[in-house]
Amino acid sequence: MEAQPKPEILLAPGALDAALRADVRAGLTATPKTLPPKWFYDDRGSALFDRITRLEEYYPTRRERAILVERAPEIATLTGARTLVELGAGSGEKTRLLLDALPLDTYVPVDVSGEFLADAASKIAADYPALTVRPVVADLEEHLAEVPGGPAELVAFLGGTIGNMVPRERRGFLAAVRSLVGEDGAFLLGADLVKDPARLVRAYDDAEGVTAAFNRNVLAVINKRLGADFRPEEFTHVAVWNAAEEWIEMRLRARSAQTVRIAALDLTVEFAEGEEMRTEISAKFRPSGLKEELTAAGFGIRALWTDPDGDFSLTLAVP
Ligand code: AVJ
């Protein structure tokens with residue numbers, strides 16, 4: 001039996017808590033109010049996201065998996081990667097497609113949630129006994145430069161999470177990934193594509209209300225971690241397509257005028273009836289734009305694959 005992989009922790013103690021406080025204070029005192037999507041993912045939020053990925057309306061996970069199933073052998077031949085660094089390591093299901101296809105000796109899952117990571121890493125370690133698993137707890141916005149890798153590594157950022165960043169954030173992030181990849185690595189990026197707005201909105205406003213519960217859960221997270229008294233059921237889930245920016249926006253709309261107290265911040269916030277607070281952007285891309293952004297960050301495009309319906313993309317970028 002392999003020893004349990006022990007996560008390497010790049011996050012300073014208390015750093016996440018400080019980031020949550022700073023984000024909530026800045027977001028709730030801004031006009032319009034906003035909250036970053038990063039805080040959706042406590043245990044309940046992660047379980048709700050997991051349900052989202054299996055919804056009929058939410059196509060990205062299935063489409064990306066289909067591309068991976070088809071292209072994993074090519075990714076293996078084109079990169080010959082021995083180390084896989086996975087940024088924002090998911091629940092591991094798509095990861096396994098890469099682990100099965102690549103001649104890896106090391107897998108480095110990187111995630112901000114230590115518990116989630118330790119759990120996912122030990123499952124992988126148990127199923128791939130010949131693989132060295134080195135989980136790293138890190139904030140992707142802060143610690144990319146310190147993530148350990150190795151020569152001939154493949155850095156993967158799957159799921160379309162790049163869509164959570166605005167263009168300026170993407171520029172900084174892609175530049176940091178470019179440094180991480182070095183001169184003989186490669187970068188595998190999953191990104192959702194622009195399509196019929198009605199389908200996009202449905203993917204973010206499902207009939208069962210799972211996405212609505214996921215969206216409201218951020219209020220429960222703030223209640224629990226910062227002693228706030230949000231009443232999540234007093235907020236309506238809203239998903240809109242912003243055609244100018246080409247992103248989906250999720251918002252929470254106050255059903256009534258209300259006052260919310262955030263004890264840990266000594267902050268009181270007023271909501272007007274109908275006031276909307278943005279909780280997530282999920283940018284959708286065009287292949288041309290993806291290529292431009294990657295090229296601007298210093299990458300060359302080795303391949304850009306989509307599923308047969310052209311819904312989702314997987315780009316293999318190289319130095
Ligand atoms: C995990 C950021 C890729 O943007 O599609 C799913 C999150 N939000 N439904 C996405 C999400 C609402 C998801 N990402």
Side-chain angles (χ1 to χ4, degrees), residues 23 34-68 86-95 109-113 116-117 120 139-141 156-167 169-170 173 188-221 232 235-242 245-253 277-285 290 307 311-315:
D23 282 353
T34 60
L35 288 171
K38 185 173 172 181
W39 307 110
F40 280 134
Y41 302 91
D42 67 343
D43 285 348
R44 179 158 180 272
S46 300
L48 285 167
F49 178 68
D50 207 65
R51 276 180 64 194
I52 288 174
T53 66
R54 283 179 271 116
L55 291 170
E56 210 277 306
E57 296 98 325
Y58 192 78
Y59 59 85
T61 310
R62 275 189 300 278
R63 296 298 194 243
E64 185 178 53
R65 187 188 306 125
I67 306 170
L68 275 171
E86 188 180 20
L87 306 179
S91 62
E93 203 205 321
K94 282 179 287 188
T95 306
V110 184
D111 201 276
V112 70
S113 159
F116 175 81
L117 191 64
D139 187 333
L140 299 184
E141 290 158 54
F157 190 44
L158 301 176
T161 302
I162 185 139
N164 279 167
M165 300 176 205
V166 298
E169 292 167 331
R170 297 203 294 265
F173 174 77
L188 187 65
L189 176 65
D192 197 10
L193 299 176
V194 172
K195 59 181 60 62
D196 171 20
R199 268 188 74 209
L200 283 167
V201 169
R202 252 184 282 124
Y204 290 85
D205 193 7
D206 62 280
E208 243 186 286
V210 183
T211 309
F214 173 74
N215 194 5
R216 283 188 202 101
N217 185 57
V218 74
L219 303 180
V221 169
F235 288 82
T236 312
H237 168 65
V238 177
V240 292
W241 171 241
N242 182 330
E245 302 283 8
E246 298 195 319
W247 65 45
I248 283 281
E249 282 184 34
M250 294 210 316
R251 303 175 188 158
L252 289 168
R253 180 192 293 144
M277 169 166 69
R278 191 171 85 187
T279 51
E280 180 170 49
I281 66 159
S282 188
K284 307 306 167 187
F285 297 84
L290 276 172
D307 55 287
D311 282 341
F312 199 89
S313 68
L314 206 55
T315 304

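Treat the numbers as computed from the prediction; the structure is a model and nothing was measured. By convention here, the first residue in the shown sequence is residue 1. As the structure lists them, so they are numbered: ligands from 1, and atoms in each ligand from 1.
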* Going through the distances and angles, do Lys38 and Asp139 end up as a side-chain contact (heavy atoms from CB on, under 4.5 Å)? -> CA-CA 10 Å; Lys38 185 173 172 181; Asp139 187 333; 2.9 Å; yes
* Asked: Do Phe116 and Tyr41 have ring centroids that are under 6.0 Å from one another?
  ->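 Distance test on ring centres: not under 6.0 Å, no.
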* Asked: Is the centre of the Phe312 ring less than 6.0 Å from the centre of the Tyr59 ring?
  ->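 Not under 6.0 Å, so no.
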* Got Leu200 and Asp192 here, is their nearest side-chain heavy-atom distance under 4.5 Å? ->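 In contact.
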* **Heavy-atom closest contact (Ile281 atom, Trp247 atom, distance)** =>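 Smallest interatomic distance, heavy atoms only, reads CD1-CE3, 3.6 Å.
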Distances for all N or O pairs of ligand 1 and the protein under 3.5 Å?
| unit_1 | atom_1 | unit_2 | atom_2 | d |
| --- | --- | --- | --- | --- |
| ligand 1 | 4 (O) | Ser282 | OG | 2.7 |
| ligand 1 | 5 (O) | Tyr58 | OH | 2.5 |
| ligand 1 | 5 (O) | Tyr204 | OH | 2.5 |
| ligand 1 | 8 (N) | Glu280 | OE1 | 2.6 |

* Asked: Which residues satisfy the salt bridge (Lys or Arg N to Asp or Glu O under 4.0 Å) test with Arg62, sequence neighbours excluded?
  ->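 None.
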